[in-house]
Amino acid sequence: DVQLVESGGGSVQTGGSLRLSCTASGYTYSSYCMAWFRQAPGQVREGVAGICSDGTTHYADSVKGRFTVSQESANTNMHLQMNDLKPEDTAIYYCAADRDSAAIQTFGVLRTDQYNFWGQGTQVTVS
């Protein structure tokens with residue numbers, strides 16, 4: 001079974017930094033995308049950043065220039081370096097993954113409906 005576990009969340013002041021990690025196990029797809037999503041109280045879950053097996057990265061406009069998504073190697077841990085954090089970044093952050101990079105990129109790497117595998121989330125609070 002595919003398992004995704006997020007870590008690295010916490011509380012920081014405005015302008016601070018955090019690094020989230022998503023530990024992935026149970027899948028060895030040659031073609032895949034992994035992505036970070038977030039959900040604030042009372043809000044819909046939104047895509048933040050993603051990385052696919054072809055090396056491409058994708059970002060929401062709201063985080064471009066502040067967040068960086070990376071992966072150690074294929075089918076392994078994914079990270080999200082978050083700099084210059086703002087109160088509006090406060091949310092639960094989720095990791096997601098699924099196979100078929102071409103299909104996911106066609107419909108949108110930052111769309112929730114492209115992923116079947118999700119982690120439990122990690123809280124990020126910026127004050």
Acceptor/donor pairs from residues 119-127 side chains to any protein atom, 3.5 angstrom cut, sequence neighbours excluded:
residue: T122; atom: OG1; partner: G9; partner atom: N; Å: 3.2
residue: Q123; atom: NE2; partner: A91; partner atom: O; Å: 3.4
residue: Q123; atom: NE2; partner: T125; partner atom: OG1; Å: 3.3

Inset, instruction - Could I get the full list of side-chain hydrogen bond (donor to acceptor under 3.5 Å, both in side chains) partners for D100, not counting sequence neighbours? - result: none
Inset, instruction - Find the distance between CG (L18) and CG (L80) and round it off to the nearest 0.5 Å. - result: 9.5 Å
Inset, instruction - Would you check, one step at a time, whether the test side-chain contact (heavy atoms from CB on, under 4.5 Å) holds for R45 with R38? - result: CA-CA 6 Å; R45 191 171 298 189; R38 66 186 181 188; over 6 Å; no
Legend entry - Which atom of E6 lies closest to which atom of C95, heavy atoms considered: OE2-N, 2.8 Å
Legend entry - Residue pairs involving residues 77-88 (criterion salt bridge (Lys or Arg N to Asp or Glu O under 4.0 Å); sequence neighbours excluded): none
Inset, instruction - Would you give the length of the straight line joining atom CZ of F117 to atom CG of D98, rounded to the nearest 0.5 angstrom? - result: 5.5 Å
Inset, instruction - Identify the two heavy atoms, one from W36 and one from V69, that lie closest to each other, and give their separation to 0.1 Å. - result: CD1-CG2, 4.1 Å
Legend entry - Non-neighbouring partners of D1 that pass side-chain hydrogen bond (donor to acceptor under 3.5 Å, both in side chains), sequence neighbours left out: none
Inset, instruction - Identify, with sequence neighbours excluded, every residue that meets salt bridge (charged side-chain N to carboxylate O under 4.0 Å, His left out) alongside R66. - result: D89
Inset, instruction - Mind jotting down which residue pairs meet the salt bridge (Lys or Arg N to Asp or Glu O under 4.0 Å) criterion with at least one end in residues 107-122? Sequence neighbours excluded, please. - result: R111-D113
Legend entry - Which atom of T90 lies closest to which atom of A40, heavy atoms considered: O-CB, 3.7 Å
Legend entry - Taking every non-hydrogen atom, the tightest pair across S101 and S53: CB-OG, 3.6 Å
Inset, instruction - Please indicate whether E72 has more than 12 foreign heavy atoms, meaning atoms of other residues, nucleotides or ligands, lying under 6.0 Å from its CD. - result: yes
Inset, instruction - Output the distance between atom CG (L85) and atom OG1 (T14), rounded to the nearest 0.5 Å. - result: 8.5 Å
Inset, instruction - Enumerate the residue pairs fulfilling salt bridge (Lys or Arg N to Asp or Glu O under 4.0 Å) with a member in residues 11-24, sequence neighbours excluded, ordered by first and then second residue. - result: none
Inset, instruction - Check side-chain hydrogen bond (donor to acceptor under 3.5 Å, both in side chains) between D54 and all other residues, then give those that pass, not counting sequence neighbours. - result: T56, Q105
Inset, instruction - Share the residues that join W118 in a hydrophobic cluster, the rule being Ile, Leu, Val, Met, Phe, Trp or Tyr side chains under 4.5 Å apart at the heavy-atom level. - result: F37, I92, Y94, I104, V109, L110, Y115
Legend entry - Shared-cluster residues of V5, by chain and number - hydrophobic side chains joined below 4.5 Å: none
Inset, instruction - Evaluate the criterion side-chain contact (heavy atoms from CB on, under 4.5 Å) for residue pair E46 and Q39; output intermediate values, then yes/no. - result: CA-CA 6 Å; E46 63 174 359; Q39 188 167 18; over 6 Å; no
Inset, instruction - Determine the minimum heavy-atom distance between Q114 and A103, stating which atoms define it. - result: OE1-O, 3.9 Å
Inset, instruction - For S7, enumerate each residue passing the side chain to side chain contact (heavy atoms under 4.5 Å, CB included) test, keeping only those at least two apart in sequence or located in another chain. - result: S21
Legend entry - Pair listing, ring pair (Phe, Tyr, Trp, His ring centres under 6.0 Å) test, anchored in residues 43-68, at least two apart: none
Legend entry - Closest heavy-atom pair and its distance - N83, S17: OD1-OG, 2.9 Å
